[in-house]
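First the structure, in the form of structure tokens, and then the observations on it.
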Amino acid sequence: GGICAGADAAAMRLLTRYGDAAGLAFQITDDLIEFRAGKRERYNYAAIVGEARATRRAGALVAEAAACARRLPRGATLAGIARFVAARQY
């Protein structure tokens, strides 16, 4: 998306950091949803490090993604998507 929008190198670095953080937060949140649903026979991040630590890590990643997004033009939408990622329950 950044390339198509003509983003410069600095914006591309921010978008990359945003994507990495938001993507990992999505995966950890997915693991938390499974863990909370009782699917504990599966090994995932939440099962390995515990629910509290996984929740904190997802929150930190969302904060990192949102901080990157806020530094971009019209980044409020991306910041909102990052917050949704960790707040979802499905």
Side-chain angles (χ1 to χ4, degrees):
I3 293 170
C4 291
D8 62 17
M12 288 301 296
R13 284 190 296 276
L14 286 169
L15 286 167
T16 298
R17 283 182 53 207
Y18 169 88
D20 289 347
L24 187 52
F26 183 94
Q27 184 59 55
I28 292 172
T29 300
D30 201 52
D31 290 351
L32 282 162
I33 290 167
E34 285 185 357
F35 183 81
R36 290 171 181 153
K39 298 179 183 177
R40 295 188 174 125
E41 69 279 356
R42 298 185 63 196
Y43 289 102
N44 66 32
Y45 189 74
I48 293 168
V49 304
E51 183 177 3
R53 186 171 168 191
T55 300
R56 285 191 306 273
R57 179 71 174 134
L61 288 164
V62 166
E64 178 183 345
C68 289
R70 284 191 298 271
R71 294 176 56 196
L72 294 165
R74 299 182 305 275
T77 301
L78 288 176
I81 291 169
R83 286 188 298 274
F84 168 79
V85 160
R88 68 190 178 89
Q89 299 297 313
Y90 51 89

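Everything quoted here is computed from the prediction, not taken from an experiment.
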Other ILVMFWY residues reachable from Ile33 by side-chain steps of under 4.5 Å | none
Could you tabulate the donor-acceptor pairs under 3.5 Å formed by side-chain atoms of residues 57-69, not counting sequence neighbours?
none

Shared hydrophobic cluster, Ile48 / Ile28 (ILVMFWY, side-chain heavy atoms < 4.5 Å) | yes
For residues 7-26, tabulate all N or O donor-acceptor pairs below 3.5 Å that involve a side-chain atom, not counting sequence neighbours.
| unit_1 | atom_1 | unit_2 | atom_2 | d |
| --- | --- | --- | --- | --- |
| Asp8 | OD1 | Ala10 | N | 3.3 |
| Asp8 | OD1 | Ala11 | N | 2.8 |
| Thr16 | OG1 | Met12 | O | 2.8 |
| Tyr18 | OH | Leu78 | O | 2.7 |

Side chain to side chain donor-acceptor pair (under 3.5 Å) filter on Thr55, not counting sequence neighbours, yields Arg36
Residues 71-85 vs salt bridge (charged side-chain N to carboxylate O under 4.0 Å, His left out), sequence neighbours excluded, gives none
Under the salt bridge (Lys or Arg N to Asp or Glu O under 4.0 Å) rule, collect the residues that match up with Arg88, sequence neighbours excluded.
-> Asp30
Quick one: are Tyr45 and Gln27 in side-chain contact, heavy atoms under 4.5 Å?
-> no
